[in-house]
Structures are given as C-alpha cells and as structure tokens.
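Input: a single structure, listed below in structure tokens.
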Amino acid sequence: MIELEQVRALDRDDPLAEVLSLFQMPESVIYLDGNSLGALPKAASLRIAEIVEKEWGDGLIRSWGDADWYTKPLELGDRIGQLTGAAPGQIAVTDSISVNLFKLVCAALEMRPGRRHLITEEGNFPSDIYVLQGIERFWPGVRVSLIGRDGTLEDLLDDDVAAVLITGVDFRTGAAHNMQAMTERVQAAGALMIWDLAHSAGALPVALDAIGADMAVGCTYKYLNAGPGAPAFLYVARRHQAVARNPISGWFGHTDPFAFAVDYEPADDIRQFMAGTPPIVSFGGLEASLDIWKSVSMDDVRRKSMAMGDLFIDLVEALDPGFGFRLASPREADRRGSQVSFRHPEGLAIMRALIDRGVIGDFREPDILRFGFTPLTLSYEDVWNAVAVLKDIMERGTWRQMRQARGQEVT
Ligand SMILES: *Cc1c(COP(=O)(O)O)cnc(C)c1O
C-alpha cells in the first residue's frame, strides 16, 4: 500500500516543484491531457500581448526585421534542437506536422530515385498515414505499406523502400521505440528514416544527431506547451540539406524571398523547408514555454515522468480488480513515453465521468483511457488525487449515467 504521506514526500524532493507555478491551471482541474494540448505558461499571455500590441501594433511591417520575425522560425528551431539533440541549423518551426510530412516524404522519394515504397505503422497517428496515402495517389508508382496490417518491418523492408516513417512514442499505448536501433535497420536497407516526435519532444530525451536520423517532425502544442494551433517543426540532417528539396516551393523557402524573383531558387539551408508566412503570434507561446524549458533538465523531466507513470499504474492496480482496468502501456517505465493507458470496455463513459469531476484525460477508440503525465505541470499528489476520483467513480458507479451523456465532449 502506498500512503499519501509517501507521495507528499516525493513532491517535497521534486527538483521540478518550483516550475509548476509558472503554468496557469484552474483549481478544480487535474490535467492529465498535457500530451494532447499542453498547459498555458503564464508568461505566454504577456509575450503574446507584447507581440500583438508592440510588434504588430506599433512596429507594423518593420517588425519583420526590428522584432526578428524573419529569423524567428530558425532561432526557435535551434532552441527545440537543444531538447531533441539537434545541432543548430537543422530545425525550422513551420506549418503543421501533416504538411511537414508531405514535404519531407516527397523530398525523401526524390532522394531515392527508383525506390517507390513507403512504410509506416498501422497504429500510427492517422494523419501520418493519410499523408502517405495522399502521396500514393498523386505520385505514380508509389505504394504504402503498414507495419501490422501488412507484416513486420523485417517483412516489408525490401530494396524498393525509399523512407520509413515511425512515431517515436505510440499515441495510443505510449510504447516508446528504440530510435537508434530502428534508424540503423532502416538505413542498412538503403532507406531514409523519418521520425515523428509528436509524443517525444519535451516528453523524453531525444538525440536526433547522435542516432543519425535523416529527417523528423514534431509539434509544439503538446509537451512543448506553445498553445492551440502553434506551428510544428521539421528537422533535416545537415548532410542532406544540399540535396533534399521541398515540394511546396513557397516564397519563404526561396533564397531571397523579398527579391520577388520570377524563378524559384531554394535557400541553401533548412529555411528551404518553409513555405509561406509563419504564424508570428503563435511564436509568443512557444517562446514563453521554451524559456521555462531552458531552466529545467531533461533528465529530471524524464525521471519524474517515469516515476509518475509507475505511481499511477501501482495505484490503479491496487484498486478492486473487479473494476476491470487492463494496462495497455508497457509496464517498464523505460519502454514508455510520458503517458499511461488503460483499457476498459466502458472507457468512454468512465472518461466522461472523470472529466465531469475535473480529472481531464482522454479516450481513444475502441477502449483506451489515456492519461498524460507532464512533469512540469503536475505534482505526485495530483496523481494520487486523480486515482482517488477514479476509485470513487467506480465504487459508486456514477460512470453509468455517462453512457448516454450528451454535450460532454471527450477529445
Ligand atoms: C498530434 C499528432 C499529429 C498532429 O499533426 P498536425 O498536422 O500538426 O495537426 C500528427 N502526428 C502525430 C503522431 C501526432 O501525435
């Protein structure tokens, strides 16, 4: 039995304890969905207001230079590189993951002439699969295989494979891939390795350069707390930048956008992978968040994330086994990202009941209750309290009233 006193002791020893107060969080909420939409850094409101009122309101178009709007996508990219093991000059903050994947996968196909096979996972985030299916429709000869549905990676990795796209941490189960081992296997087959870091960046240590990744994408509104609709990022290893070509050859990827030349000439660096005007106001949220990230150690974040996940699993499994929860995530913390999922046939109604009580997680079909553990915004006692609410809902059966609930949205 774990006692509340032990949990409070963990909070007293938490090197990240001070960081929690830098985020806005309603009193009545225990937020276990920071893996889907990160919480608001308090400084973001001020920074965004400053961009709107000073840089836009007063600076007007002069702010492209005076407020560094033009260089910001690469400057912020370098800062994300510090969290993902990428040396400067390889990451741009731009567009959405979906659009960035289109750009990178097309570039990869062109870099592997004669190879027309793309591989991803059946369990990948649907948009990643959809983008590959779109390329398959428009690009003659391209075919897409899904690990799971069509076989194992070993089965599928033939000498026609141009690129393999894998999400580092599975969005449903939280299972984490061994990125180094998979990158080596894919590259040994002559293909390019593209990583989706949506559930990795800000969740666990990533070493893009060290593992020799070819390309990567990730988002800033999940574990990086940049706010709804904040842009994604993309990584192209420096060794590929002279040959990789962006199919969305917009003016922001041009070597001199403000020369307004007739013919497209790509920038010779990562800027080439931008397309159009960046979302300047959203950068305010990302800047405020990265300021916080600058002050924390990723090792502390990872240690607390694993401990919170373990605590949650232990507490849920100590409940009455008759409640019927089955762990869907790896039990070993080092094989998980920063979330824990449980299966339950009535998962949707139970999640609605939790949200009704202020414990916000989410649900993924067919039966997965998903709980994100974001060390910068949660205490160990929050984990304890969340499970206490879950216990109460199960004991009293209040989730039954939520089977037919309407207007109670679970994302
Ligand atoms: C959240 C997520 C996305 C979202 O993509 P956008 O195009 O930025 O909305 C894509 N892929 C994965 C794996 C995700 O988790």
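Numbering of ligands and ligand atoms starts at 1, following listing order.
- By the 6.0 Å and 45° rule, Lys222 stacks over the aromatic ring of Phe125.
- Residue contacts with ligand 1 for Phe102 are absent, since no atom lies close enough (heavy atoms, distance under 4.0 Å).
- Shortest contact from atom 1 (C) of ligand 1 to any protein heavy atom: Lys222 NZ, 1.5 Å.
- For Gln90 and Asp209, the side-chain atoms include at least one donor-acceptor pair closer than 3.5 Å.
- Nearest protein heavy-atom neighbour of atom 3 (C) of ligand 1: Phe125 CE2, 3.5 Å.
- A distance-only check finds no donor-acceptor pair linking the side chain of Arg271 to the backbone of Gly253 [under 3.5 Å].
- Heavy atoms from both the backbone and the side chain of Ser98 come within less than 4.0 Å of ligand 1.
- Here the straight-line distance linking atom CZ of Phe373 with atom CG of Asn35 works out to 9.0 Å at 0.5 Å rounding.
- When ring centroids are compared, Trp139 and Phe102 stay outside the 6.0 Å threshold.
- Counting heavy atoms under 4.0 Å from ligand 1, residue Ile97 touches it through both backbone and side chain.
- Not one N or O of Thr167 is nearer than 3.5 Å to an N or O of ligand 1, by distance alone.
- Enclosure of atom CD in Glu18 is not indicated, since only 12 or fewer non-hydrogen atoms of other residues, nucleotides or ligands lie within 6.0 angstrom.
- Looking at atom 4 (C) of ligand 1, its nearest protein heavy atom turns out to be Tyr221 OH, 3.3 Å.
- Of the N or O atoms in Asp128, one or more lie within a sub-3.5 Å distance of an N or O in ligand 1.
- More than 12 non-hydrogen atoms from other residues, nucleotides or ligands lie less than 6.0 angstrom from CZ of Phe258.
- Polar contact check, His199 against ligand 1: a nitrogen or oxygen pair lies under 3.5 Å apart.
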